Amino acid sequence: MLVLVINSGSSSLKYQVRDVEAANVLTEGLIEKIGMGNGGEGDGEIIGPRDHAEALEQVDAAIHQELGELELAAVGHRVVHGGERFSEPVLIDNEITRAIERLNPLAPLHNPANVLGIRAISKKWPDMPQVAVFDTAFHRTLPEHAWRYAVPDELYTNHGIRRYGFHGTSHEFVTQRAAAMLDLPVEEFDGVIAHLGNGASVTAIQGGKSVDTSMGFTPLEGLVMGTRSGDLDPSILVFLARAGWSTEDIDSMLNRQSGLKGLAGNNDMRSVVEASEAGDAKASMALAVASYRLAKYIGGYHVAAGGAKAIVFTAGIGENSHQFRALVGEHLAALGIQLDAGLNQVRSKLARVISAADSAIPVLVVPTDEEQAIAEATAAVVRG
Ligand code: AMP
């Protein structure tokens, strides 16, 4: 079954054509600068596609040029926010599209763009089955004591302010793969999954289900990320507001100027590791802050999981940076968890064990593949 996987942003459209059974990519691409002018010179001449519909025409042309005639069975959309309603992938119709749109206030940058992608497909291929796969859905199993913030109840009842969690598609995919590696049915897998990419989050899994996760009301909370601060004392924001910072200034500082970039001047883990190895003290401190924060979460989520049976690293940093994993591992020695230095440094695209034989529990590296997870979920919904 061939599925077109779409990740639609406000000014970009990322796509992959996937063969679900073979779990491979037939073609992929990225259309950028949708609806953008020429950067302010003169008359704002359009240099990218005018809108998502035009971007989709480009996708269609590129796919056909690459693959010739082919029959797509369905389109799977990555949708960022499913709110409290969506706990699994759904077949999209008008009512579902409007429900996704009603969640716009919770994800103002993402959900409107996802809806533009859905509507563009509906217009071009009215009979094409479309499935929404939500980033939040896997975390709908969080118990209330984990998703509640200790603020007045009306913030939840009137504004929906609670922990939602993100990266759910990846956490679920990696949970299934990790359970299989340990020869456990997924319902018996308890563990901690660290998805460490440009955005990063860690999830506690109990019985194969998400029971706590570090991203919260938005993808800002939790770990130190490429440009996002993760956790901090909320009073800092009050302090800055009183000092005259605008909400836009504060938002930009937290989401775009912080994290590794704020501490080390660079948001890319590879560069920060290289700088640290070359003696850059700020880069070393950034790594120390980020690895310590993650280790504290892993300790806490060991408890949340009811006693983890494994710790799992995934995504760009988790899969590739043995240096960062080693720094986290040093802290985990307090729990009797030991990495094997040699295994940790093995470069591989395959899932593998990196812990020492006498480690209290195994530590795994499991590559994530969100597009494959979306393609599989889409195929499952379409097949009913
Ligand atoms: P992602 O968002 O999953 O693509 O992850 C992006 C992050 O992974 C960036 O911080 C990259 O620097 C980091 N990354 C990718 N490859 C490597 C590598 N070989 N070593 C260290 N970090 C890497």
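Keep in mind that this is a model prediction, so the values were computed, not measured. For ligands, and for the atoms within them, numbers begin at 1 and follow the listed sequence.
Arg162 forms a cation-pi arrangement with Tyr164, by the criterion of a distance under 6.0 Å to the ring centre and an angle within 45° of the ring axis. Remark: Arg293 is not positioned above the aromatic ring of Tyr297, lacking an NZ or CZ atom under 6.0 angstrom from the ring centre and at most 45 degrees off the axis.
The nearest protein atom to atom 19 (N) of ligand 1, hydrogens excluded, is given as Asn320 CB, 3.4 Å; this is a heavy-atom distance. Counting only heavy atoms of the protein, atom 14 (N) of ligand 1 lies nearest to Gly316 O, 3.7 Å. Looking only at heavy atoms of the protein, atom 10 (O) of ligand 1 is closest to Met269 N, 3.0 Å. Ile317 CG1, 3.7 Å is the protein heavy atom nearest to atom 7 (C) of ligand 1. The protein atom (non-hydrogen) at minimum distance from atom 22 (N) of ligand 1 is Arg270 N, 3.8 Å.
In this structure, atom 4 (O) of ligand 1 has its sub-4.0 angstrom surroundings free of protein heavy atoms.
Taking any N or O of Ser321, backbone or side chain, none lies under 3.5 Å from an N or O belonging to ligand 1.
Separation of the Tyr156 and Trp147 ring centroids falls under the 6.0 Å cut-off. Annotation: His167 is not in aromatic contact with His139 [ring centroid separation under 6.0 Å not met].
Short contacts between ligand 1 and Asn198, defined as distances under 4.0 Å to a heavy atom of the residue, involve ligand atoms 1 (P), 2 (O), 5 (O), 6 (C). Near Gly197, meaning under 4.0 Å from any of its heavy atoms, are these atoms of ligand 1: 1 (P), 2 (O), 3 (O), 5 (O).
The shortest separation from a heavy atom of Asp268 to ligand 1 is under 4.0 Å, placing the residue in contact.
The backbone N or O of Gly316 sits less than 3.5 Å from a side-chain atom of Asn320, completing a donor-acceptor pair. Proximity of a side-chain donor or acceptor of Arg228 to a complementary backbone N or O of Leu223 within less than 3.5 Å is not detected.
If you check the side chains of Thr136 and His81, you find no donor sitting under 3.5 Å from an acceptor.
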